[in-house]
Colleague: 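Here it is, the structure, as structure tokens.
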Amino acid sequence: VVLPALARRPGGRGRLRMWSAGCASGEEPYTLAMLVREAGWAAGADIVGTDVAPARLAAARRARYGRWSMRGVSAERLARWFHRQGQWWTVHPDVARDVRFRMLNLADPSWPSPESEVWGMDVVFCRNVLIYFDRETIADVARRLLGALAPDGWLFMGASDPLLTEYVPCEVVQTNAGLLYRPRGAPAGTGAIAVTASSTTAIAPPAIVPPAVAPPAVAPPAVAPPAVAPPAVTPPAVTPPAVTPPAVAPRARADVPVA
């Protein structure tokens, strides 16, 4: 997409520096290496892929992909850039040599720098990564992504990523491959981009599914049961027992003679 513009810069077709940030299992950086070769860029390219997950980087270094990753890849490209072994396709060694991988956390402030190997880049791809960051981190990472570019470099973002102009000062150019960014005040003469492809992906990257977030548990409102009055209980009438006073014999009188 931007190769014609880069070819017109001072120094012409020198060796390119490209970075795939958040490269996962390596589909994107290997695709860049293939496209540079297909474009006939004689000086070639130094391409670095970075990710925060060691397991992903290990898979990227193996450069071996299954049927799902090969979906949509033309038969011509499969024959030209891959060796097939059963249900697996391995990237051609010439292409693999153009790419190196290293661990890098985009939230780490240690880059851009020569030590991190990401600086002075002609092209940076960071697609569908910033969507996982909060606003403060997005602004910080966006500023450093632009800072990792050469003066006439270009930054590619994903369709789901936030618009960087809302976070940092930069210039944005719309193409049929998506939105491209560059630092504000980039050298004149690089603004007209000849779009040469509608897609920059030869190897389809794995689908990115955001982690499922369980909704908070909502307790149903407590419902008080209706008050139930107990049935009235009338105690049985109790008749008190009749009380008969004991008979008392009259006392004998002393003044009455007894016969």
Side-chain angles (χ1 to χ4, degrees), residues 2-3 6 9-37 41 43-63 91 93-158 161-162 164 167-171 180-187 190 200 205:
V2 299
L3 293 183
L6 292 173
R9 64 183 176 176
R13 290 175 170 262
R15 192 164 180 83
L16 294 171
R17 290 175 53 80
M18 306 177 114
W19 175 26
S20 171
C23 68
S25 47
E27 289 91 338
E28 187 172 77
Y30 287 130
T31 296
L32 294 176
M34 296 172 196
L35 294 178
V36 169
R37 287 174 174 269
W41 198 278
D46 292 322
I47 303 169
V48 60
T50 66
D51 201 274
V52 72
R56 291 283 193 169
L57 293 173
R61 293 185 180 102
R62 285 194 294 270
V91 176
D94 289 345
V95 174
R97 277 192 289 269
D98 292 338
V99 183
R100 65 186 183 278
F101 296 95
R102 63 169 297 150
M103 187 179 299
L104 181 71
N105 186 343
L106 291 178
D108 189 330
S110 63
W111 64 276
S113 66
E115 293 76 18
S116 66
E117 298 187 43
V118 289
W119 63 283
M121 293 291 175
D122 299 308
V123 179
V124 172
F125 279 77
C126 184
R127 303 194 296 175
N128 306 316
V129 176
L130 298 190
I131 55 175
Y132 298 105
F133 295 149
D134 58 32
R135 289 187 60 86
E136 182 179 354
T137 306
I138 290 173
D140 180 59
V141 172
R143 175 182 56 80
R144 288 188 282 117
L145 285 171
L146 292 167
L149 293 171
D152 46 10
W154 292 94
L155 170 61
F156 288 71
M157 302 296 294
D161 286 313
L164 295 194
Y167 295 87
V168 291
C170 60
E171 296 179 8
L180 280 63
Y181 298 88
R182 61 180 182 173
R184 183 171 291 177
T190 59
T200 58

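By convention here, the first residue in the shown sequence is residue 1. The analysis underlying the following values was restricted to heavy atoms, covering all of them including side chains, and did not include hydrogens, waters or symmetry mates.
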Colleague: Listed by chain and number, what are the side chain to side chain contact (heavy atoms under 4.5 Å, CB included) partners of R37, not counting sequence neighbours?
Modeller: W81, D94, V95, D98

Colleague: Test of understanding: with side-chain hydrogen bond (donor to acceptor under 3.5 Å, both in side chains), list the residues that count as partners of R61, not counting sequence neighbours.
Modeller: none

Colleague: Can you name the residues that form a salt bridge (Lys or Arg N to Asp or Glu O under 4.0 Å) with D46, not counting sequence neighbours?
Modeller: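 Partners of D46 under the salt bridge (Lys or Arg N to Asp or Glu O under 4.0 Å) test: R15.
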
Colleague: Partners of P10 by side chain to side chain contact (heavy atoms under 4.5 Å, CB included), sequence neighbours excluded?
Modeller: none

Colleague: Listed by chain and number, what are the side chain to side chain contact (heavy atoms under 4.5 Å, CB included) partners of V99, not counting sequence neighbours?
Modeller: P29, Y30, A33, I47, F101

Colleague: Distance alone, cut at 3.5 Å: any donor-acceptor contact between the side chains of R135 and Y167?
Modeller: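 Judged by distance alone, the side chains do pair up.
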
Colleague: Is it the case that the side chain of D122 and the backbone of L16 share a donor-acceptor pair, with hydrogens and angles ignored and the cut-off at 3.5 Å?
Modeller: no

Colleague: Mind checking ring pair (Phe, Tyr, Trp, His ring centres under 6.0 Å) for W41 and listing every partner two or more places apart, or none if nothing turns up?
Modeller: none

Colleague: Apply side-chain hydrogen bond (donor to acceptor under 3.5 Å, both in side chains) to R100 and list each qualifying residue two or more places apart in sequence or on a separate chain.
Modeller: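 Per chain and number, R100 pairs via side-chain hydrogen bond (donor to acceptor under 3.5 Å, both in side chains) with E117.
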
Colleague: Could you tell me which non-hydrogen atom of V123 sits nearest to which non-hydrogen atom of L6, and how far apart they are?
Modeller: CG2-CD1, 3.9 Å

Colleague: The criterion is side-chain hydrogen bond (donor to acceptor under 3.5 Å, both in side chains); which residues satisfy it with R144, sequence neighbours excluded?
Modeller: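 Result, side-chain hydrogen bond (donor to acceptor under 3.5 Å, both in side chains) vs R144: D140.
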
Colleague: Taking only residues two or more places apart in sequence or in another chain, which ones pass salt bridge (Lys or Arg N to Asp or Glu O under 4.0 Å) with R62?
Modeller: none

